[in-house]
Student: 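My questions all concern the structure below.
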There are 2 protein chains.
Amino acid sequence: MRVMGVDPGLTRCGLSMVEASSGRKVVALDVDVVRTPANQPLPQRLLAISEVVEHWMDTHRPDVVAIERVFAQQNVSTVMGTAQAGGIVALSAAKRGIEVYFHTPSEVKAAVTGNGRADKSQVTAMITRILQLQTAPKPADAADALALAICHCWRAPMLARMAKAEAAAEEQRKAFAARMKAVAR
Amino acid sequence: MRVMGVDPGLTRCGLSMVEASSGRKVVALDVDVVRTPANQPLPQRLLAISEVVEHWMDTHRPDVVAIERVFAQQNVSTVMGTAQAGGIVALSAAKRGIEVYFHTPSEVKAAVTGNGRADKSQVTAMITRILQLQTAPKPADAADALALAICHCWRAPMLARMAKAEAAAEEQRKAFAARMKAVAR
(Lines give C-alpha, C1' and ligand atoms only; values in the text may rest on other atoms or scores of the structure.)
Protein backbone atom coordinates (compact mmCIF):
# COMPACT_ATOMS: atom_id res chain seq x y z
CA MET A 1 0.00 0.00 0.00
CA ARG A 2 1.37 3.40 -1.00
CA VAL A 3 0.34 6.25 1.29
CA MET A 4 0.71 10.00 0.79
CA GLY A 5 0.90 11.91 4.09
CA VAL A 6 -0.06 15.58 4.21
CA ASP A 7 0.49 18.13 6.98
CA PRO A 8 -1.66 20.88 5.46
CA GLY A 9 -0.80 24.58 5.65
CA LEU A 10 -0.66 27.69 3.48
CA THR A 11 2.79 28.90 4.54
CA ARG A 12 4.29 25.41 4.74
CA CYS A 13 2.54 22.27 3.50
CA GLY A 14 4.37 19.03 4.33
CA LEU A 15 4.11 16.14 1.85
CA SER A 16 5.40 12.59 2.18
CA MET A 17 5.12 9.31 0.30
CA VAL A 18 5.69 5.98 1.98
CA GLU A 19 5.22 2.34 1.01
CA ALA A 20 3.91 -0.14 3.57
CA SER A 21 4.73 -3.80 3.13
CA SER A 22 3.97 -6.84 5.31
CA GLY A 23 3.91 -6.37 9.09
CA ARG A 24 4.90 -2.93 10.28
CA LYS A 25 7.62 -2.38 7.69
CA VAL A 26 7.40 1.08 6.09
CA VAL A 27 9.76 2.61 3.53
CA ALA A 28 9.99 6.35 2.79
CA LEU A 29 9.93 7.23 -0.91
CA ASP A 30 9.75 11.02 -0.98
CA VAL A 31 9.26 14.09 1.20
CA ASP A 32 8.82 17.79 0.48
CA VAL A 33 7.55 21.03 1.99
CA VAL A 34 5.62 23.39 -0.29
CA ARG A 35 6.12 26.99 0.79
CA THR A 36 3.97 29.92 -0.36
CA PRO A 37 4.74 33.54 0.58
CA ALA A 38 2.25 35.22 2.93
CA ASN A 39 2.18 38.37 0.76
CA GLN A 40 0.88 36.43 -2.26
CA PRO A 41 -2.90 36.52 -2.97
CA LEU A 42 -4.79 33.49 -1.59
CA PRO A 43 -5.87 32.09 -5.00
CA GLN A 44 -2.21 32.00 -6.17
CA ARG A 45 -1.08 30.33 -2.94
CA LEU A 46 -3.76 27.64 -3.28
CA LEU A 47 -2.85 27.16 -6.95
CA ALA A 48 0.84 26.66 -6.09
CA ILE A 49 -0.02 24.01 -3.47
CA SER A 50 -2.53 22.35 -5.78
CA GLU A 51 0.02 22.05 -8.62
CA VAL A 52 2.65 20.30 -6.48
CA VAL A 53 0.05 18.02 -4.85
CA GLU A 54 -1.46 17.01 -8.20
CA HIS A 55 2.02 16.35 -9.63
CA TRP A 56 2.81 14.12 -6.64
CA MET A 57 -0.46 12.19 -7.03
CA ASP A 58 0.07 11.71 -10.76
CA THR A 59 3.69 10.57 -10.51
CA HIS A 60 3.69 8.60 -7.21
CA ARG A 61 0.12 7.28 -7.64
CA PRO A 62 -0.71 6.73 -3.96
CA ASP A 63 -3.50 4.29 -2.97
CA VAL A 64 -4.51 6.49 -0.05
CA VAL A 65 -4.01 10.10 1.06
CA ALA A 66 -3.76 10.67 4.83
CA ILE A 67 -4.35 14.28 5.93
CA GLU A 68 -4.00 15.80 9.39
CA ARG A 69 -7.41 16.63 10.82
CA VAL A 70 -7.55 20.31 11.76
CA PHE A 71 -8.83 21.37 15.15
CA ALA A 72 -10.00 24.60 16.68
CA GLN A 73 -7.24 25.02 19.26
CA GLN A 74 -5.06 27.26 17.08
CA ASN A 75 -5.94 30.82 16.10
CA VAL A 76 -8.73 31.15 13.56
CA SER A 77 -6.75 32.57 10.61
CA THR A 78 -4.26 29.67 10.85
CA VAL A 79 -7.13 27.17 11.08
CA MET A 80 -8.71 28.68 7.96
CA GLY A 81 -5.49 28.44 5.92
CA THR A 82 -4.90 24.89 7.13
CA ALA A 83 -8.50 23.92 6.32
CA GLN A 84 -8.18 25.44 2.83
CA ALA A 85 -4.89 23.68 2.05
CA GLY A 86 -6.28 20.38 3.38
CA GLY A 87 -9.49 20.86 1.41
CA ILE A 88 -7.52 21.30 -1.81
CA VAL A 89 -5.55 18.12 -1.17
CA ALA A 90 -8.79 16.22 -0.45
CA LEU A 91 -10.33 17.59 -3.67
CA SER A 92 -7.29 16.59 -5.77
CA ALA A 93 -7.56 13.06 -4.34
CA ALA A 94 -11.34 12.87 -4.92
CA LYS A 95 -10.84 13.94 -8.57
CA ARG A 96 -8.54 10.91 -9.01
CA GLY A 97 -10.70 8.46 -7.05
CA ILE A 98 -8.01 8.16 -4.35
CA GLU A 99 -9.29 7.35 -0.84
CA VAL A 100 -8.82 10.09 1.78
CA TYR A 101 -8.46 9.56 5.53
CA PHE A 102 -8.07 12.16 8.28
CA HIS A 103 -6.08 11.50 11.45
CA THR A 104 -5.87 13.81 14.47
CA PRO A 105 -2.45 14.91 15.79
CA SER A 106 -2.91 12.75 18.90
CA GLU A 107 -3.82 9.70 16.79
CA VAL A 108 -0.61 10.27 14.83
CA LYS A 109 1.51 10.64 17.97
CA ALA A 110 -0.08 7.57 19.58
CA ALA A 111 0.45 5.45 16.44
CA VAL A 112 4.09 6.46 16.00
CA THR A 113 5.34 6.73 19.61
CA GLY A 114 2.67 4.88 21.63
CA ASN A 115 1.90 8.15 23.44
CA GLY A 116 -0.80 10.57 22.20
CA ARG A 117 0.90 13.44 24.02
CA ALA A 118 4.46 12.83 22.78
CA ASP A 119 6.41 16.00 21.91
CA LYS A 120 7.86 16.89 18.51
CA SER A 121 11.35 15.56 19.29
CA GLN A 122 9.99 12.16 20.38
CA VAL A 123 7.93 11.89 17.18
CA THR A 124 10.92 12.86 15.03
CA ALA A 125 13.19 10.36 16.81
CA MET A 126 10.68 7.52 16.26
CA ILE A 127 10.19 8.40 12.58
CA THR A 128 13.94 8.41 12.04
CA ARG A 129 14.12 4.93 13.61
CA ILE A 130 11.04 3.48 11.89
CA LEU A 131 12.17 4.65 8.44
CA GLN A 132 15.83 3.83 9.20
CA LEU A 133 16.95 7.31 8.12
CA GLN A 134 20.55 8.46 8.47
CA THR A 135 19.48 11.93 9.63
CA ALA A 136 16.31 13.21 11.31
CA PRO A 137 13.76 14.73 8.90
CA LYS A 138 13.50 18.55 8.97
CA PRO A 139 11.57 20.89 9.17
CA ALA A 140 8.67 19.88 11.48
CA ASP A 141 6.22 19.90 8.55
CA ALA A 142 8.27 17.25 6.72
CA ALA A 143 8.49 15.11 9.89
CA ASP A 144 4.73 15.51 10.50
CA ALA A 145 3.88 14.48 6.94
CA LEU A 146 5.99 11.31 7.35
CA ALA A 147 4.41 10.61 10.75
CA LEU A 148 0.93 10.94 9.20
CA ALA A 149 1.70 8.44 6.45
CA ILE A 150 3.20 5.94 8.94
CA CYS A 151 0.19 6.44 11.23
CA HIS A 152 -2.14 5.58 8.37
CA CYS A 153 -0.17 2.46 7.39
CA TRP A 154 -0.44 1.16 10.94
CA ARG A 155 -4.02 2.27 11.67
CA ALA A 156 -5.45 1.07 8.32
CA PRO A 157 -5.84 -2.61 9.34
CA MET A 158 -7.52 -1.50 12.59
CA LEU A 159 -9.83 0.93 10.76
CA ALA A 160 -10.80 -1.87 8.34
CA ARG A 161 -11.56 -4.21 11.27
CA MET A 162 -13.64 -1.48 12.96
CA ALA A 163 -15.63 -0.81 9.77
CA LYS A 164 -16.28 -4.57 9.39
CA ALA A 165 -17.36 -4.91 13.03
CA GLU A 166 -19.64 -1.87 12.69
CA ALA A 167 -21.26 -3.32 9.54
CA ALA A 168 -21.78 -6.67 11.33
CA ALA A 169 -23.33 -4.91 14.35
CA GLU A 170 -25.66 -2.95 12.04
CA GLU A 171 -26.76 -6.24 10.41
CA GLN A 172 -27.48 -7.71 13.85
CA ARG A 173 -29.45 -4.60 14.88
CA LYS A 174 -31.58 -4.91 11.75
CA ALA A 175 -32.13 -8.64 12.23
CA PHE A 176 -33.07 -8.10 15.88
CA ALA A 177 -35.49 -5.26 14.97
CA ALA A 178 -37.15 -7.57 12.44
CA ARG A 179 -37.34 -10.29 15.10
CA MET A 180 -38.96 -7.85 17.59
CA LYS A 181 -41.54 -6.87 14.98
CA ALA A 182 -42.35 -10.54 14.30
CA VAL A 183 -42.70 -11.24 18.04
CA ALA A 184 -44.97 -8.21 18.62
CA ARG A 185 -47.35 -9.18 15.83
CA MET B 1 -17.99 43.21 -16.83
CA ARG B 2 -19.33 39.77 -15.93
CA VAL B 3 -19.13 38.94 -12.22
CA MET B 4 -19.66 35.59 -10.50
CA GLY B 5 -20.79 35.99 -6.88
CA VAL B 6 -20.17 33.18 -4.39
CA ASP B 7 -21.58 32.72 -0.88
CA PRO B 8 -19.34 29.79 0.09
CA GLY B 9 -20.53 26.87 2.20
CA LEU B 10 -20.39 23.08 2.34
CA THR B 11 -24.06 22.45 3.05
CA ARG B 12 -25.29 25.24 0.78
CA CYS B 13 -23.04 27.17 -1.61
CA GLY B 14 -24.75 30.13 -3.31
CA LEU B 15 -23.68 31.01 -6.88
CA SER B 16 -24.74 33.95 -9.02
CA MET B 17 -23.74 35.48 -12.34
CA VAL B 18 -24.44 39.12 -13.16
CA GLU B 19 -23.47 41.49 -15.93
CA ALA B 20 -22.62 45.11 -15.11
CA SER B 21 -23.01 47.74 -17.80
CA SER B 22 -22.58 51.50 -17.74
CA GLY B 23 -23.47 53.36 -14.54
CA ARG B 24 -25.01 51.24 -11.82
CA LYS B 25 -27.05 49.03 -14.15
CA VAL B 26 -26.71 45.33 -13.27
CA VAL B 27 -28.50 42.40 -14.92
CA ALA B 28 -28.83 38.93 -13.35
CA LEU B 29 -27.94 36.05 -15.67
CA ASP B 30 -28.04 32.97 -13.44
CA VAL B 31 -28.34 31.86 -9.82
CA ASP B 32 -28.04 28.48 -8.09
CA VAL B 33 -27.44 26.89 -4.71
CA VAL B 34 -25.20 23.79 -4.60
CA ARG B 35 -26.23 21.49 -1.77
CA THR B 36 -24.12 18.63 -0.43
CA PRO B 37 -25.37 16.23 2.26
CA ALA B 38 -23.65 16.48 5.66
CA ASN B 39 -23.32 12.66 5.86
CA GLN B 40 -21.18 12.55 2.70
CA PRO B 41 -17.36 12.36 3.12
CA LEU B 42 -15.63 15.75 2.84
CA PRO B 43 -13.64 14.96 -0.36
CA GLN B 44 -16.88 14.05 -2.19
CA ARG B 45 -18.63 17.21 -0.95
CA LEU B 46 -15.75 19.39 -2.15
CA LEU B 47 -15.70 17.54 -5.49
CA ALA B 48 -19.44 18.14 -6.01
CA ILE B 49 -19.03 21.88 -5.34
CA SER B 50 -15.91 22.06 -7.51
CA GLU B 51 -17.66 20.42 -10.47
CA VAL B 52 -20.58 22.86 -10.49
CA VAL B 53 -18.28 25.88 -9.94
CA GLU B 54 -15.93 24.84 -12.77
CA HIS B 55 -18.89 24.24 -15.09
CA TRP B 56 -20.21 27.73 -14.30
CA MET B 57 -16.81 29.31 -14.94
CA ASP B 58 -16.36 27.46 -18.24
CA THR B 59 -19.83 28.23 -19.59
CA HIS B 60 -20.48 31.75 -18.20
CA ARG B 61 -16.82 32.85 -18.46
CA PRO B 62 -16.87 35.54 -15.74
CA ASP B 63 -14.23 38.31 -15.74
CA VAL B 64 -14.14 38.35 -11.95
CA VAL B 65 -15.16 36.06 -9.09
CA ALA B 66 -16.35 37.81 -5.90
CA ILE B 67 -16.33 35.60 -2.79
CA GLU B 68 -17.63 36.38 0.68
CA ARG B 69 -14.74 36.84 3.11
CA VAL B 70 -15.12 34.44 6.03
CA PHE B 71 -14.77 35.69 9.57
CA ALA B 72 -14.26 34.09 12.93
CA GLN B 73 -17.59 35.06 14.51
CA GLN B 74 -19.34 31.81 13.63
CA ASN B 75 -18.54 28.43 15.20
CA VAL B 76 -15.27 26.87 14.09
CA SER B 77 -16.59 23.85 12.18
CA THR B 78 -18.83 26.13 10.07
CA VAL B 79 -15.90 28.49 9.45
CA MET B 80 -13.75 25.57 8.30
CA GLY B 81 -16.35 24.31 5.83
CA THR B 82 -16.93 27.82 4.53
CA ALA B 83 -13.18 28.41 4.18
CA GLN B 84 -12.76 25.12 2.31
CA ALA B 85 -15.62 25.80 -0.11
CA GLY B 86 -14.33 29.37 -0.70
CA GLY B 87 -10.79 28.05 -1.17
CA ILE B 88 -11.94 25.65 -3.86
CA VAL B 89 -13.76 28.42 -5.72
CA ALA B 90 -10.64 30.64 -5.50
CA LEU B 91 -8.49 27.75 -6.80
CA SER B 92 -10.84 27.08 -9.75
CA ALA B 93 -10.64 30.78 -10.66
CA ALA B 94 -6.83 30.89 -10.32
CA LYS B 95 -6.52 27.85 -12.63
CA ARG B 96 -8.39 29.82 -15.29
CA GLY B 97 -6.60 33.13 -14.70
CA ILE B 98 -9.83 34.75 -13.45
CA GLU B 99 -9.38 37.57 -10.90
CA VAL B 100 -10.68 36.89 -7.39
CA TYR B 101 -11.91 39.48 -4.89
CA PHE B 102 -13.14 38.98 -1.35
CA HIS B 103 -15.79 41.22 0.25
CA THR B 104 -16.89 41.13 3.88
CA PRO B 105 -20.60 40.74 4.73
CA SER B 106 -20.74 44.35 5.95
CA GLU B 107 -19.11 45.63 2.75
CA VAL B 108 -21.78 43.75 0.81
CA LYS B 109 -24.63 45.13 2.94
CA ALA B 110 -23.23 48.67 2.75
CA ALA B 111 -22.81 48.48 -1.04
CA VAL B 112 -26.31 47.13 -1.67
CA THR B 113 -28.43 48.93 0.97
CA GLY B 114 -26.18 51.82 2.09
CA ASN B 115 -26.12 50.32 5.60
CA GLY B 116 -23.40 47.87 6.72
CA ARG B 117 -25.74 46.50 9.40
CA ALA B 118 -28.81 45.95 7.23
CA ASP B 119 -30.75 42.75 7.96
CA LYS B 120 -31.40 39.92 5.50
CA SER B 121 -34.86 41.14 4.48
CA GLN B 122 -33.54 44.64 3.64
CA VAL B 123 -30.75 43.16 1.51
CA THR B 124 -33.19 40.86 -0.29
CA ALA B 125 -35.62 43.73 -0.93
CA MET B 126 -32.84 45.89 -2.43
CA ILE B 127 -31.54 43.06 -4.65
CA THR B 128 -35.05 42.42 -5.94
CA ARG B 129 -35.32 46.12 -6.84
CA ILE B 130 -31.81 46.51 -8.28
CA LEU B 131 -32.16 43.45 -10.53
CA GLN B 132 -35.82 44.25 -11.30
CA LEU B 133 -36.91 40.74 -10.36
CA GLN B 134 -40.57 39.71 -10.26
CA THR B 135 -40.09 37.70 -7.07
CA ALA B 136 -37.55 37.94 -4.25
CA PRO B 137 -34.60 35.49 -4.59
CA LYS B 138 -34.67 32.50 -2.20
CA PRO B 139 -33.04 30.88 -0.21
CA ALA B 140 -30.73 33.30 1.66
CA ASP B 141 -27.64 31.75 0.00
CA ALA B 142 -28.96 32.64 -3.47
CA ALA B 143 -29.78 36.20 -2.34
CA ASP B 144 -26.32 36.55 -0.73
CA ALA B 145 -24.55 35.35 -3.88
CA LEU B 146 -26.45 37.96 -5.93
CA ALA B 147 -25.67 40.67 -3.35
CA LEU B 148 -21.97 39.77 -3.52
CA ALA B 149 -21.85 40.10 -7.29
CA ILE B 150 -23.71 43.44 -7.21
CA CYS B 151 -21.40 44.64 -4.43
CA HIS B 152 -18.39 43.82 -6.57
CA CYS B 153 -19.80 45.60 -9.63
CA TRP B 154 -20.33 48.76 -7.61
CA ARG B 155 -17.15 48.60 -5.53
CA ALA B 156 -14.88 47.70 -8.48
CA PRO B 157 -14.50 51.30 -9.79
CA MET B 158 -13.77 52.47 -6.22
CA LEU B 159 -11.27 49.64 -5.64
CA ALA B 160 -9.55 50.54 -8.92
CA ARG B 161 -9.41 54.23 -7.88
CA MET B 162 -8.01 53.23 -4.45
CA ALA B 163 -5.34 51.00 -6.02
CA LYS B 164 -4.38 53.84 -8.39
CA ALA B 165 -4.24 56.36 -5.52
CA GLU B 166 -2.18 53.92 -3.43
CA ALA B 167 0.28 53.41 -6.31
CA ALA B 168 0.56 57.18 -6.80
CA ALA B 169 1.15 57.71 -3.06
CA GLU B 170 3.82 54.99 -3.10
CA GLU B 171 5.53 56.78 -6.02
CA GLN B 172 5.45 60.04 -4.09
CA ARG B 173 6.86 58.38 -0.96
CA LYS B 174 9.74 56.97 -3.02
CA ALA B 175 10.40 60.30 -4.73
CA PHE B 176 10.32 62.11 -1.39
CA ALA B 177 12.68 59.56 0.21
CA ALA B 178 15.10 60.06 -2.70
CA ARG B 179 14.77 63.84 -2.25
CA MET B 180 15.52 63.51 1.52
CA LYS B 181 18.60 61.43 0.73
CA ALA B 182 19.78 64.05 -1.77
CA VAL B 183 19.23 66.86 0.75
CA ALA B 184 21.05 65.00 3.55
CA ARG B 185 24.11 64.35 1.41
Side-chain angles (χ1 to χ4, degrees), chain A residues 4 6 8-10 13 34 36 40-55 57 62-104 159 163, chain B residues 4 6 8-10 13 34 36 40-55 57 62-104 159 163:
Chain A
M4 179 167 165
V6 182
L10 273 185
C13 185
V34 187
T36 72
Q40 221 180 11
L42 178 67
Q44 273 62 49
R45 299 180 79 181
L46 296 175
L47 183 59
I49 294 168
S50 158
E51 281 173 350
V52 178
V53 164
E54 299 206 323
H55 180 71
M57 289 179 181
D63 302 299
V64 175
V65 177
I67 307 176
E68 186 170 301
R69 189 181 292 280
V70 191
F71 271 117
Q73 294 107 328
Q74 304 132 288
N75 79 70
V76 178
S77 78
T78 309
V79 166
M80 275 172 47
T82 310
Q84 285 169 328
I88 271 157
V89 175
L91 172 67
S92 302
K95 278 187 175 171
R96 288 160 178 77
I98 304 171
E99 272 189 287
V100 177
Y101 286 87
F102 292 90
H103 302 283
T104 67
L159 292 174
Chain B
M4 179 167 164
V6 181
L10 274 185
C13 185
V34 187
T36 71
Q40 220 180 13
L42 178 66
Q44 273 61 51
R45 299 180 79 181
L46 296 174
L47 182 60
I49 294 167
S50 159
E51 282 173 349
V52 177
V53 164
E54 299 204 325
H55 180 70
M57 288 178 181
D63 301 298
V64 174
V65 177
I67 307 176
E68 186 171 299
R69 189 181 291 280
V70 192
F71 272 117
Q73 294 108 329
Q74 306 132 286
N75 80 70
V76 178
S77 78
T78 308
V79 167
M80 277 172 46
T82 310
Q84 286 170 327
I88 271 158
V89 174
L91 173 67
S92 302
K95 278 187 175 171
R96 288 160 178 76
I98 303 171
E99 273 189 285
V100 177
Y101 286 87
F102 291 90
H103 302 283
T104 65
L159 292 174

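A quick note: this is a predicted structure, and the numbers were derived from the prediction, not measured. In the text below, chain A, chain B and the rest are named by the order of the sequence lines, each starting its count at 1. No hydrogens, no waters, no symmetry mates; every other heavy atom, side chains included, goes into these values.
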Student: Between chain B and each of A:Ala93, A:Gly87, A:Ser92, A:Gly86, count heavy-atom pairs under 4.5 Å; write down the option with the most.
Tutor: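 Max contact count across the listed options: A:Gly87.
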Student: Nearest 0.5 Å, what's the CD1-CD distance between B:Ile88 and B:Glu51?
Tutor: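 Between atom CD1 of B:Ile88 and atom CD of B:Glu51 there are 11.0 Å.
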Student: Taking side chain as C-beta onward, heavy atoms only, is B:Leu42 less than 4.5 Å from A:Phe102?
Tutor: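 Of all side-chain heavy-atom pairs linking A:Phe102 with B:Leu42, at least one is under 4.5 Å.
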Student: Given the options A:Ala85, A:Ala90, A:Ala83, which has more heavy-atom pairs under 4.5 Å with chain B than any of the others?
Tutor: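 Maximum pair count with chain B is reached by A:Ala83.
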Student: Go through the atoms of B:Leu47 and report whether side chain, backbone, both or neither lie under 4.5 Å from a heavy atom of chain A.
Tutor: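 For B:Leu47, backbone and side chain are both near chain A.
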Student: Are B:Val65 and B:Glu99 packed together at the side-chain level, in the sense that at least one heavy-atom pair is separated by less than 4.5 angstrom?
Tutor: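 Answer no - side chains too far apart.
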Student: Is any side-chain heavy atom of A:Glu68 closer than 4.5 Å to one of A:Val6?
Tutor: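 Contact flag for A:Val6/A:Glu68 side chains = no.
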